[in-house]
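Notes follow once the structure below has been shown.
Naming convention: chains lettered A, B, ... in sequence-line order (proteins, then strands); numbering from 1 in each chain.
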Protein chains: 2
Amino acid sequence: MACAGDCPVARTARLIEGKWTTRIIRDLLGGTKRYSELQHSLAGISPKVLADRLKFLEREGLLSKTVYPVVPPHTDYTLTPLGMQLADLIAAMAAFGMRLPPAGAAPRNP
Amino acid sequence: MACAGDCPVARTARLIEGKWTTRIIRDLLGGTKRYSELQHSLAGISPKVLADRLKFLEREGLLSKTVYPVVPPHTDYTLTPLGMQLADLIAAMAAFGMRLPPAGAAPRNP
DNA sequence: CGGTATCCGTATCGATACTG
DNA sequence: CAGTATCGATACGGATACCG
């Protein structure tokens with residue numbers, strides 16, 4: 001029951017933490033994407049944060065990056081088989097999010 | 001495909017964010033717990049962080065708190081029906097965490 | 001196009017001490 | 001037992017400008 005700081009839940013939490021991480025993965029579950037495609041679909045993300053998260057996810061083995069040395073540059077981001085196993089998790093998040101009352105409305109008795 | 005900053009995934013991410021949040025929920029999925037039980041099972045958490053997270057989760061309607069006005073004090077924390085619907089999500093996190101290589105080992109070919 | 005570099009504000013986490 | 005008070009560290013997210 002007690003989990004000693006590196007239980008499965010904690011390890012996963014560490015990977016998907018962050019405001020944008022799960023949204024990046026969600027977008028990539030729809031297939032390979034380019035940097036600019038992600039920046040567009042994740043409206044509001046700054047280039048630094050996007051690059052940070054992509055680097056992090058790559059280091060963690062959840063996605064892979066393919067650079068085509070052409071001009072103009074072309075880079076593809078794709079989930080690895082490991083990353084694709086997050087599909088269930090993202091689906092669970094989406095399912096729960098839909099059951100959620102809109103915004104921070106207090107579910108008391110108003 | 002594009003999610004506009006408050007898509008289901010984003011809303012869920014906001015709720016389960018934080019280093020300890022999912023672990024608290026995980027423990028509570030095992031049944032009602034007292035403050036000190038949580039503090040014990042979540043080894044390493046500070047009282048402030050635990051109280052903060054519990055308050056947050058309560059405000060978000062994911063758990064409810066029952067105070068027994070006895071001495072010494074006795075407080076119970078229980079997941080609400082809404083909070084219990086996180087079971088699938090936590091299960092997915094646990095399942096993924098078990099498929100995960102131990103620690104930050106690069107899954108390349110060494 | 002696909003990033004880096006810089007700088008900044010703040011949320012979050014954390015330890016420790018103390019209290020009703 | 002169940003928290004609160006305080007203070008500090010830092011990681012995270014964000015805006016803007018610029019480079020290969």
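Hydrophobic clustering (ILVMFWY, side-chain heavy atoms < 4.5 Å, transitive): M98(A) and L15(B) are in distinct clusters.
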* To do: Let me see the working for L82(B) and L100(A) under side chain to side chain contact (heavy atoms under 4.5 Å, CB included), right down to the final yes or no.
  => CA-CA 8 Å; L82(B) 179 63; L100(A) 222 47; 4.1 Å; yes
* Determine, stepwise, if the pair L63(A) / T78(A) fulfils side chain to side chain contact (heavy atoms under 4.5 Å, CB included). => CA-CA 5 Å; L63(A) 61 78; T78(A) 311; over 6 Å; no
* Asked: Once each nucleotide of nucleotides 7-20 of chain C is scored for protein heavy atoms under 4.0 Å, what B/S/- sequence comes out, 5' to 3'?
  -> B-----BBBB---B
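One N or O on the side chain of T80(A) and one on the backbone of G61(A) form a donor-acceptor pair closer than 3.5 Å.
Computed from coordinates, the I24(B) CD1 to dG3(D) P distance equals 12 Å when rounded to whole Å. Distance L54(A) CG to dG2(C) C1': 11 Å, rounded to the nearest Å. One can place CG of L42(A) at 16 Å from C1' of dG3(C), the figure rounded to the nearest angstrom. Atom-to-atom, CG of D76(A) to P of dG2(C) comes out at 8 Å; the value is rounded to the nearest Å. With rounding to whole Å, H74(A) atom NE2 is found 11 Å from dG3(C) atom P. Rounded to a whole Å, the CG atom of L38(B) is 10 Å from the P atom of dG3(D). As a whole-Å value, the separation of L50(B) CG from dC1(D) P is 14 Å. Computed from coordinates, the H40(A) NE2 to dC1(C) C1' distance equals 15 Å when rounded to whole Å.
Using a 4.0 Å heavy-atom criterion, one finds that Y77(A) contacts the sugar-phosphate atoms exclusively.
With distances taken from any side-chain atom of K65(B) to the nucleotides dT4(D), dG3(D), dT4(C), the minimum falls on dG3(D).
A donor-acceptor contact closer than 3.5 angstrom links the side chains of D27(B) and S41(B).
Note that the two end axes of the helix from dC1(C)-dG20(D) to dG20(C)-dC1(D) enclose an angle of 50°, each drawn from 5 base pairs, rounded to 10 degrees.
Here R34(B) reaches the OP1 or OP2 of dA2(D): one of its side-chain N or O atoms lies under 4.0 Å away. Phosphate proximity of dT4(C) to K55(A): present, with a side-chain N or O under 4.0 Å from OP1 or OP2. Residue T75(A) places none of its side-chain N or O atoms closer than 4.0 Å to OP1 or OP2 of dC1(C). For dG2(C), one of the phosphate oxygens OP1 or OP2 lies less than 4.0 angstrom from a side-chain nitrogen or oxygen of S36(A).
Geometric assessment of R99(A) against the ring of F96(A) yields a negative cation-pi assignment under the 6.0 Å and 45° thresholds.
When each of V67(B), L54(B), T66(B) is tested with T75(B) by the rule side-chain contact (heavy atoms from CB on, under 4.5 Å), just one qualifies, namely V67(B).
Between K48(A) and D52(A), at least one side-chain N (NZ, or NE/NH1/NH2) sits under 4.0 Å from a carboxylate O, which counts as a salt bridge.
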